[in-house]
Amino acid sequence: MPLAGVVLAAGRSARMGSPKALLDFLGLPFVVRILEALEALEVKTRVVVLGPDAPRIQPVFAGHDCMIVENPEPETGPIASLRGALRALQPVQPSAALVWPVDLPHVRVTTVERILGFKRGTGGTSGLSYLRKMLDVVLYPVLWQVRTRLCKP
């Protein structure tokens, strides 16, 4: 299975006063902008993780094909949302997941293509082979432990 896309949108957005996923960026809500970017990248398996504002956010992207995961404890932070998304993806078994926080709608598709190795870029990355190699590097021990627990058969 190829790459899966995960949009993290479960935060409470307490300082914003309204869900970040619904904020406008170039005429579209953040969450829609990101889903359209994933669609442009031809990422077929997409997961959106929502929190307490799910009833307000979900109708906005109803026309986009994706799995919806609800994080009942958004106060535990994005790692809980990531765990929920990875559990939802287990039956699909993607080769990797592109995790995209909802508050970064301005990232360009061409930037992501270059990072993933879909396009030749001028950056220092060698794309997907670099990312695969980095999967085995322990940069954040706590995340590595979570990944290890989730990946055990």
Side-chain angles (χ1 to χ4, degrees), residues 1-119 121 123 125 127-128 130-132 134-135 139-140 142-147 149-151:
M1 179 74 196
L3 184 69
V6 175
V7 181
L8 301 178
R12 292 193 185 276
S13 304
R15 292 174 292 182
M16 298 298 294
S18 67
K20 289 179 189 175
L22 298 179
L23 295 176
D24 182 272
F25 182 73
L26 299 176
L28 290 172
F30 282 17
V31 68
V32 172
R33 177 72 57 192
I34 294 169
L35 285 170
E36 286 185 356
L38 291 171
E39 291 162 0
L41 291 163
E42 298 183 15
V43 174
K44 303 292 184 214
T45 303
R46 296 177 295 274
V47 177
V48 178
V49 184
L50 299 172
D53 290 313
R56 290 177 59 194
I57 300 169
Q58 197 170 340
V60 171
F61 63 89
H64 296 271
D65 184 27
C66 58
M67 288 187 265
I68 297 167
V69 173
E70 289 198 35
N71 178 357
E73 302 177 72
E75 64 278 354
T76 58
I79 194 70
S81 292
L82 184 56
R83 276 191 211 121
L86 292 174
R87 273 193 296 276
L89 288 169
Q90 280 181 337
V92 181
Q93 296 185 349
S95 58
L98 171 60
V99 180
W100 201 321
V102 78
D103 54 0
L104 294 174
H106 58 283
V107 177
R108 294 183 178 161
V109 170
T110 54
T111 301
V112 178
E113 287 175 326
R114 286 182 176 144
I115 291 170
L116 295 176
F118 292 165
K119 273 190 174 179
T125 181
L128 202 51
Y130 171 78
L131 292 176
R132 283 194 181 117
M134 292 306 292
L135 285 175
L139 295 174
Y140 300 96
V142 173
L143 291 177
W144 185 258
Q145 291 169 0
V146 169
R147 177 184 180 265
R149 282 196 304 264
L150 289 174
C151 293

Rounding to 0.5 Å, atoms CG (Leu8) and CH2 (Trp100) come to a distance of 12.0 Å
Closest non-hydrogen contact found for Pro19 with Ile57 is CB-CD1, 3.8 Å
Residue pairs passing the salt bridge (Lys or Arg N to Asp or Glu O under 4.0 Å) test with at least one member in residues 93-108, sequence neighbours excluded, are Lys20-Asp103
Across all chains, not counting sequence neighbours, the side chain to side chain contact (heavy atoms under 4.5 Å, CB included) partners of Val69 are Val47, Val49, Ala88
Taking the side chain as every heavy atom from C-beta outward, state whether Val6 and Leu89 have any pair of such atoms under 4.5 Å apart. yes
Looking only at heavy atoms, the pair that brings Arg33 and Pro105 closest together is CG-O, 3.4 Å
For Asp53, the side-chain hydrogen bond (donor to acceptor under 3.5 Å, both in side chains) test, sequence neighbours excluded, returns none
Enumerate, atom names and distances included, each donor-acceptor pair closer than 3.5 Å involving a side-chain atom of residues 73-82, sequence neighbours excluded.
{"unit_1": "Glu75", "atom_1": "OE1", "unit_2": "Arg12", "atom_2": "NH2", "d": "3.0"}
{"unit_1": "Thr76", "atom_1": "OG1", "unit_2": "Glu73", "atom_2": "O", "d": "2.6"}
{"unit_1": "Ser81", "atom_1": "OG", "unit_2": "Asn71", "atom_2": "ND2", "d": "2.9"}

Residue set satisfying side chain to side chain contact (heavy atoms under 4.5 Å, CB included) with Ile68, at least two apart, ordered chain then number -> Leu50, Gln58, Phe61
To the nearest 0.5 Å, atom CG of Asp65 lies from atom CG of Leu35 at 10.0 Å
Rounded to the nearest 0.5 Å, the CG atom of Leu28 sits from the CG atom of Leu23 at a distance of 13.0 Å
Q: Report yes if some heavy atom in the side chain of Glu36 is under 4.5 Å from a heavy atom in the side chain of His64; otherwise report no.
A: yes
With sequence neighbours left out, the residues meeting salt bridge (Lys or Arg N to Asp or Glu O under 4.0 Å) with Arg46 are Glu39
Next on the checklist: If you apply the rule side chain to side chain contact (heavy atoms under 4.5 Å, CB included), what do you find for Leu3 with Leu41, and how did you get there?
Outcome noted: CA-CA 10 Å; Leu3 184 69; Leu41 291 163; over 6 Å; no
On a heavy-atom basis, the closest approach of Ala9 and Ala21 is CB-CB, 4.3 Å
